[in-house]
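All of these numbers come straight from a predicted model, not from anything done at the bench. Read the numbers this way: they start at 1 and go in the same order the structure lists the ligands and their atoms. In this chain, numbering begins with 1 at the start of the sequence shown.
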Amino acid sequence: MTIDIQEYNRVLDEMLLGLETLRSWDRPVVLDILRPMLNVLHVAKFCWVFYPNERAEAERSGRETQLFSEGSPDMNRPYVSREMNPGGSIMIYSFYADRDKAEWDAEDLEKLHTVEKVIFSFHGRVRLINLVEERTYTDFQLNTRNMLYIMRLAAQLLFKKEICDYGLVCFNLKGFSLVNTRVGREAGTMVMSRFVQQLEGKLKPPGAIGRMGGDNFVGVFRKSDLDIVRTHLSGTGIVYNDDTGERVNISAVAGYYLPEDLDELRHKDDLMDRVTMAVNVARRVHDTMEIFYSAALQEKQTEQKRIERQFPDALVRNEFKVYYQPKVNITDYTMAGAEALCRWVKDGEVLLPGAFIPVLEQSMNICLLDFYMLEHVCCDIRRWLDQGRKPVRVSVNLSRRHLGDMDLVEHIIDIIDRNYVPHELLEIELTETTTEVEFADLKRVVNSLQEHGICTSVDDFGTGYSSLNLIKEISWNVLKLDKAFLPLMAQSAFTSDNIMLRHVIALARDMGLECIMEGVETKEHVDLLIENKCYLAQGFYFDKPLPVYEYEKRLDKQKEIYCEEGKREQ
Ligand code: C2E
Ligand code: MG
Ligand code: MG
């Protein structure tokens, strides 16, 4: 056979170049690259058989792939070459000449041999890439995909401009440490793996779920599968014991992003940023299982970032002010105490705590603010004492964020003593806890404060997860009942709310706890309190939180400030 050597060299160059840039075995593409060479060599059929090992080869149980078949192959005299991979698997390549063309001579076979070697090395490279990819994109502990896989998938969909047909989800399994405790670590891992694999199994291709780490996952799914994802994540029973079929309910807190406008998305990181932002918000917001990304959410986040950024300077510039809200004894209408509440005076505007405390609570910044407040309250009390005024006990709010701090009480006492403030003039308000660890910390802090003669109160009692344990196990001085106990308008005294109120007040009294009602706004509220023998009240009916100079006026009067009608005419 006469093969044009120049043509052969040119086609060989092109083939090498084509294969070099190829990273995966994309059949039509590979065929396009090889076809010119197979034509030059007058090959009519090209195929190979893969044997995983020599035994399979002896048993002839291999996997055959036919890549190319054009013209009329001479099936009797193929050029066959056997190759062995380093791992022991075997490839048998077979080239069949075109029956209508002249037979291959020695030189032709030499060229065929070269081409076969090139294809074999390409095969090896693809296998290596596949192996590396598998290593790169798999979570081997759970035998699921990982985050890199999902990021690559999202990037591909973005590149192909198909991303708006898909949604992204990021989720964190709820209370998984409890699942581990219940079923054991090993079964826990299996449960986690099954939960994720089952979800992926419900998705239409190429939908997939990958592990980010720990019990955090990210996924891409077709928008038409959104309800499937939401239902699965809202709670699915997963078998953890195959013998008994026992199941555990697994649910997740999730953030979703459903891209709608391709122009908004520049980079795959935008996708990840948005979906992780949504899940982070969902995790922070109490009682929320899912949050969808939106522009409004983004704006809120930006505002929160701004607050975090501005906070340190604002603290240095003393922009945070202590407001005092009097607590009133409703048997004689005297001022029995006050609560210190924070206000941020920013650019002439007074910001309420709701606008910044939740943000500061997401970091340890809240602790800096609380110490700042305590310091300023102590300064004020010291000044009032020095001026011959008669200050009443002031309560200061302390975030739960402090509880893990082993030096907290020392720090508090240090601030109080540095200002020479008698301990009985201070009270620390703490809210109930949600975890056992926090509960233990809370108990330690409250006991320690009391050893130093500082009063402690449970704030907002009756909201969230108030448990009787909280007041049974920890010896508080004061129970501050949340305004949720009060009827909104003049309701009947026999609503379930009022029954609760009556019993909680009685319970506090029997346990020797001082009891105060927050959010007292009307005369009916005051009457209800008297009827139920709760004699301390705080609320707008008497006074709003007051700036220090206003509060000082109350301090100076102390007696004739309040009456049945709330405030006396001044
Ligand atoms: P809180 O400790 O339960 O404070 C009582 C809140 O109820 C105050 O809101 C107060 O202004 C409001 N309030 C008082 N009387 C009435 C009433 O009659 N009706 C109604 N509807 N509300 C009334 P404020 O000042 O906006 O503070 C909100 C929360 O922010 C506080 O709730 C407290 O949890 C937190 N906070 C305020 N200052 C600080 C602080 O310095 N440190 C920490 N960690 N938290 C603070
Ligand atoms: Mg409070
Ligand atoms: Mg409160």
Side-chain angles (χ1 to χ4, degrees), residues 286 307 311 314-315 318-328 330 337-345 350-380 393-403 405 408 412 415 426-433 442 445 455-464 466 476-489 514-526 528-529 536-548 550-551 562 566-567:
H286 211 59
I307 288 173
F311 173 75
L315 203 63
N318 284 326
E319 287 180 13
F320 295 97
K321 304 288 175 203
V322 184
Y323 274 49
Y324 292 91
Q325 185 176 35
K327 297 173 185 171
V328 178
I330 52 176
E339 176 174 9
L341 292 159
C342 187
R343 299 290 181 263
W344 185 351
V345 182
V350 179
L351 293 187
L352 293 177
F356 57 91
I357 297 250
V359 180
L360 300 180
E361 277 191 317
Q362 284 166 29
S363 65
M364 295 313 267
N365 278 337
I366 188 65
C367 301
L368 297 176
L369 180 68
D370 285 350
F371 289 140
Y372 168 104
M373 289 288 288
L374 181 64
E375 182 89 50
H376 281 74
V377 167
C378 287
C379 263
D380 284 345
R393 192 168 80 201
V394 177
S395 61
V396 176
N397 290 282
L398 212 65
S399 162
R400 281 206 305 243
R401 274 287 197 161
H402 290 275
L403 291 180
D405 175 4
L408 171 66
I412 293 175
I415 295 175
L426 281 163
E427 176 181 326
I428 299 290
E429 293 192 13
L430 286 151
T431 52
E432 56 217 352
T433 53
L442 188 65
V445 168
C455 262
T456 53
S457 46
V458 199
D459 200 358
D460 305 334
F461 186 79
T463 56
S466 314
W476 305 92
N477 302 98
V478 185
L479 204 60
K480 291 195 80 184
L481 303 184
D482 192 80
K483 50 184 165 286
F485 278 113
L486 291 173
L488 282 180
M489 284 162 287
E514 214 176 82
C515 188
I516 177 165
M517 174 56 82
E518 300 181 299
V520 174
E521 290 184 349
T522 61
K523 171 92 171 55
E524 284 76 20
H525 288 163
V526 177
L528 189 69
L529 292 181
L536 287 168
Q538 176 186 346
F540 298 163
Y541 185 63
F542 298 109
D543 258 321
K544 293 202 159 143
L546 306 166
V548 68
E550 288 284 342
Y551 177 68
Y562 309 105
K567 237 180 357 270

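At a cut-off of 2.8 Å, measuring from the Mg ion (ligand 3), the protein N, O or S atoms that fall short of it are Asp459 OD1, Asp460 OD1, Glu518 OE1, Glu518 OE2, waters left aside.
By the ring pair (Phe, Tyr, Trp, His ring centres under 6.0 Å) test, Tyr562 is found to be paired with Phe542, residues two or more places apart in sequence or in another chain being considered.
The minimum heavy-atom distance between Pro545 and Leu341, with the atom names listed, is CG-CD1, 3.7 Å.
For Glu339 and Asn397, the side-chain atoms include at least one donor-acceptor pair closer than 3.5 Å. Side-chain contact of Ser395 with Glu429: a donor-acceptor pair under 3.5 Å is present, judged by distance alone. Side-chain contact of Asn477 with Thr456: a donor-acceptor pair under 3.5 Å is present, judged by distance alone. With no hydrogens or angles considered, a side-chain donor-acceptor pair links Tyr372 and Asn318 at under 3.5 Å. A side-chain donor from one of Tyr324 and Asp380 sits under 3.5 Å from a side-chain acceptor of the other.
Below 30°, between 30° and 60°, or above 60°: for Phe320 and Phe356 the angle between ring planes is between 30° and 60°, a tilted geometry.
Identified under the salt bridge (charged side-chain N to carboxylate O under 4.0 Å, His left out) test for residues 356-377, with sequence neighbours left out: Glu375-Arg418.
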Pairs of nitrogen or oxygen atoms, one from ligand 1 and one from the protein, closer than 3.5 Å: please tabulate them with distances.
unit_1, atom_1, unit_2, atom_2, d
ligand 1, 2 (O), Glu339, OE2, 2.9
ligand 1, 2 (O), Asn397, OD1, 2.9
ligand 1, 2 (O), Asp459, OD2, 2.8
ligand 1, 3 (O), Asp460, OD1, 2.9
ligand 1, 3 (O), Glu518, OE2, 3.2
ligand 1, 15 (N), Gln325, NE2, 3.0
ligand 1, 18 (O), Phe540, N, 2.8
ligand 1, 19 (N), Glu521, OE2, 2.5
ligand 1, 21 (N), Glu521, OE2, 3.1
ligand 1, 25 (O), Arg343, NH1, 2.8
ligand 1, 25 (O), Arg343, NH2, 3.0
ligand 1, 38 (N), Cys342, N, 3.2
ligand 1, 42 (N), Asp370, OD1, 2.7
ligand 1, 44 (N), Asp370, OD1, 3.0
ligand 1, 44 (N), Asp370, OD2, 3.3

